Asker: 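Could you have a look at this structure, given as structure tokens, before my questions?
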Amino acid sequence: MKYNFKKIEPKWQTKWNEAQAFKAVDFDKRPKWYGLVEFPYPSGAGMHVGHIKAYSSVEVLARKRRMQGYNVLFPMGFDSFGLPAENYAIKTNTHPHLITEKNIEHFKDQMRQVGFSFDWSREIATSHADYYKWTQWIFLQLFDKGLVFRAKTLVNYCPHCKVVLSNEDSQGGKCDICHSDVVQLPKDVWYLRITQYADKLLNGLSDVDYPESIKQQQVSWIGRSTGAFVNFELTDGSAEALDKLEIYTTRCDTLYGVTFMVVAPEHPALDKYKDKITNWDEVLKYREDAAKKTEFQRTQLVKDKTGVKIEGLKATNPITGKQIPIFIADYVMMGYGTGAIMAVPAHDQRDYDFAKTFGVDIVEVIKGGDISKEAYTGDGEMVNSDILNGLTNKKDSIAKMLTVLEERGIGHKGVQYKMKDWAFNRQRYWGEPIPLVHCPKCGTVGVPVEELPLTLPDVENFEPGTDGQSPLAKIDSFVNCTCPKCGGAAKRETDTMPQWAGSSWYFLRFCDANNDAAFADQDKLKYWMPVDHYNGGMEHVTRHLLYSRFWHQFLYDNKFVPTPEPYAKRTYQGLILGPDGEKMSKSKGNVIDPLNIVDLYGADTLRAYVLFMSDYTAAAPWSDEGVRGVKRFLDRVAGLTDIATLEKEDPQLESKLHKTIKKVTDDIERMKFNTAIAALMTLINDFTKAGAITKEDLVVFIKLLHPFAPHLTEEIYEEIGGEGLLTLAKWPEYDEEKTKDAVINMGVQVNGKVRGNVDLPAEATQDDAVEAAKANPAINKFFEGKNIVKVIFVKGKILNFVVK
RNA sequence: GCCGCCUUGGCGGAAUUGGCAGACGCACGCGACUCAAAAUCGCGCGGUUUAUCCAUGCCGGUUCAAGUCCGGCAGGCGGCACCA
């Protein structure tokens, strides 16, 4: 058969569509399987080869599952709110809605051309009002349960995008959208209390099948640490203490080594006692300088510590009773712990560096290092520590100190997380309006559920205000409303939700995409959830993957969803690099357009190539020669129709066929797509050598290849008179007996080195093997003048003689 | 600095539980077909010799046997990062 991909690809795409071959059936009796890939942001650039690779894995699994008799849900939608569309809208003065719809159509067209088996009847878009109605509804549930709060704190702010960013969106001190430096500003913003779910997010990881690397990354992002909160008394020198200054420490057992305290530049105690501080001007200047630094600058200058001693105030070490100085320094962060620390210069390098610069005492309390040179952070015997002296185990000394602190009411055990609450509002237009109303009498009130969706109004100008206000703030008809509680005049919240809101629950909507009475029907959720297999990018591990687990756990706690975790299994794909081995980027000019590959070689070649090119999780460079290699393989597959002339099965070939069924079946499950395709290449080499095969051989072959190259295999199936659609046919099964060889070629070693081979029946015993090996001159010459002292025989694997 | 992962031919990679290292593909070389080229097909392809050694980043260990397990070192990738 001649392989005319240009003709056959659209043909089968139409036939699958007409047959509704990929439609998931609610409540069907077949076992369900829910496969999910991260839905894309519909950018103007269209699909990237990375999208193709990300979708192809679950696509192959989904197609195999259908053939194995599962009721498969493999949906697709669009994460269509976001900044790029809005920025483009500002530039071209077009409504982001129009741009987004156009891009969605473009993406869908491309996805169809590649032949993905999505169930389009469940398509969603997060920017559609019938979808974001329920995003707003979930937000109101969070609000009702006290998980939404407003606070004025230091926030991450991107001056370029003019938005407040969450901690997750400003990793490494860079804006996630434009990569410019983030600054810290005090701002009044909405937060979601994700930290309340920190332990649940942590513990839930033990119940899901995620790769260890993903679990590790989430664990370190959550950053749970156990320690103690300790109160130091603040004094101006008079007999009465002014106040308490609380610190957090993981090493409360080093309290005897505390020689000073440091507070963050923004610490509120400074303002409270500014009258007592005699060098207030100096302190204020330091604080202002710190505020000007970007997050990057503030965290990079590690060695040279800066700070100012606070004159007029001192602290009392609660365990020694000694008065110690207090400093303000920007190496202490307001966002972690209490924004104040007890400094133990002998055993913390940062405190050590600071003490050396400012000439503060350094007192050793753990033996083992040389504190004249550097801080000692290892373990050792406690010294200079009164009640702890002599203890050598960190656990014991911390436990003992904790008991003392609690007895004396100085401090208590505590837990801290690096993860912070989720800054949840954006001062932008193209997002879900936050459904809250500010009433002068009632405070903040949620929009009544009956009034949802709170639709995004049309505006003239999408530009964010220089005053940090959302474009929505300029629309009086939107802003002015009545309070749902008292009926009085009130004003709407004008900020919108962040990019990650819509994607935090979209997998639930796919279970029941067109419901307008609920976000999804409970019975349908019970039927489909959890997602059995979710594939996506590593870059979402501490954003989308964390946020969506949080929302889902919240919904579970409030009995809105049937499972505690949303995703039973998560996998990720490795990056496709440019042909030059560098990350693909427009500026480097090394971007591969997948639709160009479809045009040149066909969708089947593209699909098979991205899975064959490397291990699925590994980053690997694109190779045009490699693509042509896969195309050559598919050309040879098309040619198989010409040699499918044999009437009777060749037993040798039959054994190879069954081995390949086993290997391909297993390899797809293990996501080892490259070796699954390699096994099919090996089989076709065997077919070619044999010269002729049976029609049954060919049917098995195209079934195994079908998930990778669905169009070509359907065409072959039709050509040889197959009934119905191949995509609905049954996955081949193998006979374990037929995968076993009757004769095994076994390696024979002498002293661990391979010296020859012997052919043996599969059931051969050790004696048979030894006899055969001794008869082989290539092997027995190594026995000359030596004694065989030991024989190791592993059936079917190896025979090893130890000689002396 | 801390945590995690990786290192195999000219290249991408295989080796699922410790059992014949280099499957499969690419590139390359030779040959067939062709006036010629492309395409296609066939053969070869870690190094070294001519049957022997050396080869899975480097050094050491465990084992009859190590790419695989253990210890140390080097290089690379990813994540976090003045986190108290």
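Below, chain A is the first sequence line, B the second, and so on; all start at residue 1. Note that this is a predicted model, so its numbers are computed, not measured.
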Asker: Atom NZ of A/Lys790 and atom C1' of B/G19: how far apart are they, to the nearest Å?
Answerer: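 The answer, rounded to whole Å, is 14 Å.
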Asker: Centroid separation under 6.0 Å, is that true for the rings of A/Phe801 and A/Phe783?
Answerer: yes
Asker: Give the dot-bracket line for RNA chain B from 5' end to 3' end: parentheses for intra-strand Watson-Crick or G-U pairs under 3.5 Å, square brackets for crossings, | for inter-strand pairing, dots for unpaired.
Answerer: (((((((..(((......[....))).(((((.......))))).((.....))..(((((..]....))))))))))))....
Asker: With no angle test and no hydrogens, is the base of B/C82 tied to the side chain of A/Asp353 by a donor-acceptor pair under 3.5 Å?
Answerer: no
Asker: Can a side chain N or O of A/Asn674 be found less than 4.0 Å away from OP1 or OP2 on B/A14?
Answerer: yes
Asker: Where along residues 247-261 of chain A does a heavy atom fall under 4.0 Å from RNA chain B?
Answerer: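 By residue number: A/Tyr248, A/Thr249, A/Thr250.
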Asker: In whole Å, what is the span from the CD1 atom of A/Ile326 to the P atom of B/A84?
Answerer: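 Distance, rounded to whole Å: 22 Å.
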Asker: Decide whether a cation-pi geometry holds between A/Lys305 and A/Phe354; the criteria are a distance under 6.0 Å from NZ or CZ to the six-membered ring centre and an angle within 45° of the ring axis.
Answerer: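 Negative - A/Lys305 is either too far from the ring of A/Phe354 or too far off its axis.
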Asker: For A/Met382, is there any backbone N or O sitting under 3.5 Å from a side-chain donor or acceptor partner on A/Ser385?
Answerer: no
Asker: I want to check one thing: is the phosphate of B/A39, taken as OP1 and OP2, less than 4.0 Å away from some side-chain N or O of A/Arg628?
Answerer: no
Asker: Can you tell me if A/Arg632 touches the phosphate of B/C26, counting only side-chain N or O atoms and a distance under 4.0 Å to OP1 or OP2?
Answerer: yes
Asker: What is the per-nucleotide protein-contact pattern of nucleotides 42-53 of chain B, from the 5' end, where B denotes a base atom under 4.0 Å from a protein heavy atom, S denotes such proximity for sugar-phosphate atoms only, and - denotes neither?
Answerer: ----------SS
Asker: Report yes or no: is there a donor-acceptor pair, N or O only, under 3.5 Å between the side chain of A/Lys797 and the base of B/U17?
Answerer: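 Answer no: no donor N or O sits under 3.5 Å from an acceptor.
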Asker: Taking only the side-chain nitrogens and oxygens of A/Asn685, find out if one of them lies under 4.0 Å from OP1 or OP2 of B/G25.
Answerer: yes
Asker: Nearest-Å distance, NZ (A/Lys631) to P (B/C26)?
Answerer: 13 Å
Asker: Cation over ring, A/Lys420 on A/Tyr336, under 6.0 Å and within 45°?
Answerer: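 Ring-cation test returns no.
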Asker: Indicate whether the side chain of A/Tyr286 and that of A/Thr306 have a donor and an acceptor atom separated by less than 3.5 Å.
Answerer: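 Indeed, the side chains of A/Tyr286 and A/Thr306 share at least one donor-acceptor pair under 3.5 Å.
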Asker: Taking the six-membered ring for Trp, is the centroid-to-centroid distance between A/Phe701 and A/Phe687 below 6.0 Å?
Answerer: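 Yes, the ring of A/Phe701 comes within the 6.0 Å limit of the ring of A/Phe687, centre to centre.
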Asker: Tell me if the aromatic rings of A/Phe327 and A/Phe260 count as close, with their centers under 6.0 Å from one another.
Answerer: yes
Asker: Side chains of A/Tyr609 and A/Asp624 only: does a donor on one sit below 3.5 Å from an acceptor on the other?
Answerer: no
Asker: Quick check on B/G9: syn or anti? Syn means the glycosidic torsion is within 90 degrees of zero.
Answerer: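 Syn for B/G9; the angle stays within 90° of 0.
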